[in-house]
Novice: 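Dumping the structure here so I can ask a few things about it.
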Amino acid sequence: MFSSTRKPISPAASSTCHPRATTPATRVPRFRAGTDCQPTRRPPKQSPPSCSSARPTTRRARQTRQKPDHQIAIIMPHTDTPQDASPQHDENRIIAERRGKLAEWRQTGSAYPNDFARENTAGQLNELYEPKSREELAALPVEVRVAGRIMLKRVMGKASFITLQDLSGRIQAYISRDQIGEEAYAAFKRWDMGDMVGAVGTLFRTRTGELTVECSQVRLLAKSLRPLPEKFHGLTDQEQKYRMRYVDLITNEQSRLTFAVRSRIVQSIRGYMVDDGFLEVETPMMHPIPGGASAKPFKTHHNALDMELFLRIAPELYLKRLVVGGLEKVFEINRNFRNEGISPRHNPEFTMMEFYEAYSEYRRLMNFTEGLLRHSARQALGSEVFEYQGRTLDFAKPFARLTIIEAIRRDHPEFSVEQLGDAAWLRDKLSAMKVETGATAGLGTLQLLLFEETAEAGLWDPTFIIDYPAEVSPLARRSDSNPEIAERFELFIAGREIANGFSELNDPEDQAARFLEQAKAKDAGDEEAMYYDADYVRALEYGLPPTAGCGIGIDRLVMLLTDSANIRDVILFPQMRPE
RNA sequence: GGGUCGGUAGCUCAGUCGGUAGAGCACUGGACUUUUAAUCCAUUGGUCGUGAGUUCGAGCCUCACCCGACCCA
């Protein structure tokens with residue numbers, strides 16, 4: 001996919017996943033050694049999912065079949081010849097045991113009950129009673145009803161401990177034969193790791209000091225037929241984590257935490273916007289004309305209308321129609337879809353917030369965006385300073401603001417202002433760096449390309465880059481002082497584009513002209529150039545007040561705040577090749 | 001597209017010089033009434049990603065392919 005992003009000719013290059021990337025020439029941030037995010041996890045080990053490998057008869061299958069064990073009938077009920085051995089055999093041997101237990105459970109007539117009323121969570125009990133001493137707990141005593149999944153089991157002859165996990169955390173339960181009865185204890189001993197259990201009892205503290213529920217009753221609430229991954233390491237295979245997120249969430253606390261933080265980030269953003277008087281709206285996900293960014297769309301078809309539709313690549317044009325309608329401050333947090341490659345920083349569907357405010361302009365917008373991110377870090381992490389991939393990120397100090405030229409010269413003082421203002425010099429330099437430059441690329445675009453090549457990845461601290469070329473910003477207002485420049489910024493953090501905003505182009509005639517240019521580029525073969533959106537121009541003709549708007553890539557922000565190197569780690573069900 | 005690393009038991013991982021495939025967890029049976037990744041005893045479980053080649057002999061060497069992670073484009 002990066003091949004397309006290398007295309008530098010102005011409206012051609014990709015902007016996959018850019019927050020509100022209206023810049024055709026803006027590329028995905030590239031990372032270099034030293035600035036790139038190294039994977040924190042160890043390289044995965046691979047073992048093919050047993051259920052999908054079409055392995056022929058195995059020796060084991062034959063051996064197993066020879067056993068007169070009753071389980072065999074369950075394992076391979078239809079196996080008459082060794083050749084029929086199921087590829088799922090390995091796992092089924094373990095699952096068959098559990099299915100047998102489930103069958104026993106069903107015979108009691110009370111399998112899968114739903115009448116257990118949980119009244120306490122592990123986290124709540126730990127918080128309330130962890131400070132209490134053994135004697136204080138004994139004096140109270142606290143009657144509790146907890147439920148959760150068995151994550152650890154320490155079964156002894158007449159008394160056992162299990163560790164139950166619920167959303168809030170873990171708590172230990174103590175189960176003794178004398179308290180729950182011989183029959184119940186025998187049944188309990190047949191339960192497996194992963195089973196869902198309800199426990200009733202009183203809190204006490206064990207000899208070693210652990211807060212524990214001394215059970216007067218335990219019930220099996222749901223059977224887990226499949227074995228959990230190894231209890232200490234959990235699931236480490238990245239692919240399996242993504243494919244079976246449910247297993248990942250069961251076994252890896254870090255995953256649970258990441259998605260809890262993600263929720264807090266989104267909440268904090270929503271709160272900040274609403275508190276500031278923004279109206280949350282939902283605009284179409286299916287567009288007759290894909291617009292608002294330069295990207296390849298997904299196509300779909302509406303049968304009743306018999307029309308082609310596109311999954312949206314950005315909500316921008318609809319949100320600005322709302323500002324025309326008088327909804328002066330609007331925002332939307334939702335998915336965008338771009339039919340491009342998948343990488344550690346790109347998922348075909350990703351979440352973005354876009355917001356628009358009438359009677360604002362891009363400098364005020366930068367202040368607001370800065371405040372929003374600061375707020376979000378504080379709300380989600382409790383701190384505006386945090387670690388990302390081993391380095392510190394500080395949202396507390398003011399975000400730097402550099403023009404493209406300043407950003408280049410900060411890393412490369414050897415480039416003079418005169419050289420950077422010389423299109424021919426820039427072309428030479430870029431071609432020496434093996435960056436393609438289109439014949440039609442203007443000075444601003446050449447500067448942008450050099451910036452992307454030399455400076456972008458090194459922008460670790462939050463930095464607004466301003467003065468983008470108008471020719472790569474077809475929806476942005478031109479600068480009054482220089483019509484070649486748009487009133488636009490992009491925010492970079494950790495070498496990665498996080499936000500993109502500008503004073504909106506509200507001149508319908510200029511917009512129509514820019515759409516025409518885009519349409520021409522599209523006709524010339526640029527798949528990512530924009531369509532001419534006549535209804536949007538019509539809306540502008542009713543009058544869009546001076547407005548500024550911004551898009552923030554939520555997934556990338558979550559990556560920063562959860563110290564995640566891969567976008568898949570912050571998306572619950574990332575797009576995967578079919579199994 | 002190129003490069004690097006990887007694919008061995010359900011899970012986490014070893015595997016020496018090319019000489020009959022190992023451990024822990026999980027599972028099964030047994031012991032155990034305050035454990036802590038419980039412990040102890042005894043089992044079960046593998047055509048080593050796929051296919052070819054070299055060899056008396058391949059998890060290991062060679063080639064091709066498949067899948068994955070990361071990097072580069």
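Below, chains carry the letters A, B, ... as their sequence lines are ordered, and counting in each starts from 1. All heavy atoms count here, side chains included; hydrogens, waters and symmetry mates do not.
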Novice: If we take the P atom in both B:G19 and B:C61, what is their distance in whole Å?
Specialist: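 It works out to 12 Å between them.
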
Novice: Specify the separation, in whole Å, of atom CD1 of A:Ile150 and atom P of B:A37.
Specialist: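 Roughly 17 Å, once rounded to whole Å.
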
Novice: Pick the nucleotide of RNA chain B nearest each of A:Ala159 and A:Gly209; which residue has the one closer to the 5' end?
Specialist: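 Nearest nucleotide further toward 5': that of A:Ala159.
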
Novice: Taking only residues two or more places apart in sequence, or in another chain, which ones meet A:Phe161 in a ring pair (Phe, Tyr, Trp, His ring centres under 6.0 Å)?
Specialist: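 If we apply the ring pair (Phe, Tyr, Trp, His ring centres under 6.0 Å) test to A:Phe161, skipping adjacent residues, the hits are A:Tyr174.
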
Novice: Hunt down the Watson-Crick or G-U wobble partner of B:C5, both distances under 3.5 Å, from any strand shown, or write none.
Specialist: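 Matched B:C5 with B:G68 under the 3.5 Å cut-off.
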
Novice: Under 4.0 Å between any heavy atoms, over every strand shown, what does A:Arg170 touch: base, sugar-phosphate, or nothing? Just pick one.
Specialist: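 No contact.
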
Novice: Can you tell me how far P in B:C25 sits from the matching atom in B:A38, rounded to whole Å?
Specialist: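 Per the computed distance, 10 Å lies between those P atoms.
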
Novice: Using whole Å, report how far CD of A:Glu230 lies from P of B:C27.
Specialist: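 It works out to 12 Å between those atoms.
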
Novice: Do the side chains of A:Asp166 and A:Arg149 get close enough for a salt bridge, i.e. N-O under 4.0 angstrom?
Specialist: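 Salt bridge flag = no for A:Arg149 with A:Asp166.
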
Novice: Expressed as a whole number of Å, how far does the C1' atom of B:C65 sit from that of B:C41?
Specialist: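 Looking at atom C1' only, B:C65 and B:C41 are 47 Å apart.
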
Novice: Strictly by Watson-Crick or wobble contacts shorter than 3.5 Å, is anything paired with B:C25, and which nucleotide is it?
Specialist: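 B:C25 is paired, partner B:G10.
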
Novice: Among B:C11, B:A37, B:C27, find the nucleotide with the atom closest to the side chain of A:Leu235.
Specialist: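 Of B:C11, B:A37, B:C27, B:C11 is nearest to the side chain of A:Leu235.
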
Novice: Tell me which nucleotide among B:C25, B:U34, B:G29 gets nearest to the side chain of A:Arg190.
Specialist: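 Looking only at side-chain atoms, A:Arg190 lies closest to B:G29.
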
Novice: What integer distance in Å separates A:Leu164:CG from B:U35:P?
Specialist: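 Computing the A:Leu164:CG to B:U35:P distance gives 19 Å.
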
Novice: Taking N and O atoms by type only, does the side chain of A:Glu210 place a donor or acceptor under 3.5 Å from a partner on the base of B:U35?
Specialist: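 Flag unset: no donor-acceptor pair detected.
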
Novice: Let's test this: given Watson-Crick or G-U wobble pairing with both distances under 3.5 Å, identify the partner of B:G51.
Specialist: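 Base partner found: B:C63.
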
Novice: Between A:Lys153 and A:Lys189, does a side chain to side chain contact (heavy atoms under 4.5 Å, CB included) hold up when you go through it step by step?
Specialist: CA-CA 10 Å; A:Lys153 238 179 25 161; A:Lys189 281 169 87 173; over 6 Å; no

Novice: Given the P atoms of B:U47 and B:C40, what is the spacing between them in whole Å?
Specialist: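 The answer is 29 Å between these two P atoms.
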
Novice: Starting at atom CE of A:Met156, determine the distance to atom P of B:A38, rounded to an integer number of angstrom.
Specialist: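 Rounded to whole Å, this separation is 11 Å.
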
Novice: If I take atom CG in residue A:Asp237 and atom C1' in nucleotide B:C67, what distance separates them, rounded to the nearest angstrom?
Specialist: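 It works out to 11 Å between those atoms.
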
Novice: Among B:C71, B:C27, B:U34, which nucleotide sits nearest the side chain of A:Thr206?
Specialist: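 Comparing B:C71, B:C27, B:U34 against the side chain of A:Thr206, the answer is B:U34.
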
Novice: On a whole-Å scale, what distance lies between the C1' atoms belonging to B:G2 and B:G10?
Specialist: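 Straight-line distance between the two C1' atoms is 36 Å.
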
Novice: Rounding to a whole Å, what distance do you find between A:Arg226:CZ and B:G10:P?
Specialist: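 For the pair A:Arg226 CZ and B:G10 P, the rounded distance is 13 Å.
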
Novice: Within the supplied structure, the quantity of interest is the number of heavy atoms (other residues, nucleotides, ligands) at a distance under 6.0 Å from A:Arg170 CZ; does it exceed 12?
Specialist: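 For A:Arg170, atom CZ is crowded (more than 12 foreign heavy atoms under 6.0 Å).
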
Novice: Distance check: side-chain N/O of A:Lys231 vs OP1/OP2 of B:A26, anything under 4.0 Å?
Specialist: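 It does, given that an N or O in the side chain of A:Lys231 lies less than 4.0 Å from OP1 or OP2 of B:A26.
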
Novice: Of the nucleotides B:A26, B:C27, B:A69, which has the atom closest to the A:Arg568 side chain?
Specialist: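 The closest nucleotide is B:A69.
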
Novice: Below 4.5 Å, heavy atoms only, C-beta onward: do A:Met151 and A:Leu228 meet side chain to side chain?
Specialist: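 Yes. Closest side-chain heavy atoms under 4.5 Å.
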
Novice: Is A:Arg243 touching bases, backbone alone, or none of the nucleic acid, heavy atoms closer than 4.0 Å?
Specialist: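 Result for A:Arg243 = nothing.
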
Novice: Just to be sure I understand the rule, does A:Lys101 reach a base, reach only the sugar-phosphate, or reach nothing, if contact means heavy atoms closer than 4.0 Å?
Specialist: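 Contact class for A:Lys101: sugar-phosphate only.
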
Novice: Write down the distance separating the C1' atoms in B:G24 and B:U39, rounded off to the nearest Å.
Specialist: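 Result for the C1' pair: 14 Å, nearest Å.
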
Novice: Does CG belonging to A:Leu167 count more than 12 external heavy atoms closer than 6.0 Å?
Specialist: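 Not buried by this count: 12 neighbours or fewer within 6.0 Å.
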
Novice: Roughly how far apart, to the nearest Å, are B:G57 and B:G68 at atom C1'?
Specialist: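 The answer is 32 Å between these two C1' atoms.
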
Novice: Test for a donor-acceptor pair under 3.5 Å between the base of B:U35 and the side chain of A:Arg154, counting only N and O atoms.
Specialist: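 Yes, the side chain and the base share a sub-3.5 Å donor-acceptor pair.
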
Novice: Given that both distances must come in under 3.5 Å, which nucleotide forms a Watson-Crick or G-U wobble pair with B:C40?
Specialist: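 WC or wobble partner is B:G30.
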
Novice: Do A:Arg177 and A:Met156 have side chains that approach each other closer than 4.5 Å (heavy atoms only, starting at C-beta)?
Specialist: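 No, every pair of side-chain atoms sits at 4.5 Å or beyond.
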
Novice: Check the phosphate of B:C27 against A:Lys153, side-chain N and O only, distance under 4.0 Å to OP1 or OP2. Yes or no?
Specialist: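 Affirmative; the distance criterion is met.
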
Novice: Would A:Arg145 count as a cation-pi partner of A:Phe116, with NZ or CZ less than 6.0 Å from the six-membered ring centre and within 45° of the ring normal?
Specialist: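 The answer is yes, since A:Arg145 meets both limits relative to A:Phe116.
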
Novice: Taking the nucleotide of RNA chain B with the closest heavy atom to each, which residue, A:Asp192 or A:Arg177, is nearer the 5' end?
Specialist: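 Here A:Asp192 is the residue nearer the 5' end.
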
Novice: Whether A:Asn566 contacts B:C70 is assessed here as follows: a side-chain N or O lying under 4.0 Å from the phosphate OP1 or OP2. Is that the case?
Specialist: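 It does, given that an N or O in the side chain of A:Asn566 lies less than 4.0 Å from OP1 or OP2 of B:C70.
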
Novice: Between B:G1 and B:A9, how far apart are the C1' atoms? Round to whole Å, please.
Specialist: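 So the two C1' atoms sit 37 Å from each other.
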
Novice: Counting only side-chain heavy atoms from C-beta out, which of B:U34, B:C71, B:C11 sits nearest to A:Tyr174?
Specialist: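 For the A:Tyr174 side chain, the nearest candidate turns out to be B:U34.
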
Novice: Round to a whole Å and report the spacing from NZ of A:Lys158 to P of B:G30.
Specialist: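 After rounding, the reported distance stands at 14 Å.
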
Novice: Of all the nucleotides listed (B:C13, B:C25, B:U35), which has the minimum atom distance to the side chain of A:Thr236?
Specialist: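 Minimum distance to the A:Thr236 side chain belongs to B:C13.
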
Novice: Which nucleotide in the list B:U28, B:U34, B:C67 gets nearest to the side chain of A:Arg134?
Specialist: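 The listed nucleotide nearest to A:Arg134's side chain is B:U34.
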
Novice: What integer distance in Å separates A:Tyr185:OH from B:C32:C1'?
Specialist: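 These atoms are roughly 9 Å apart.
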
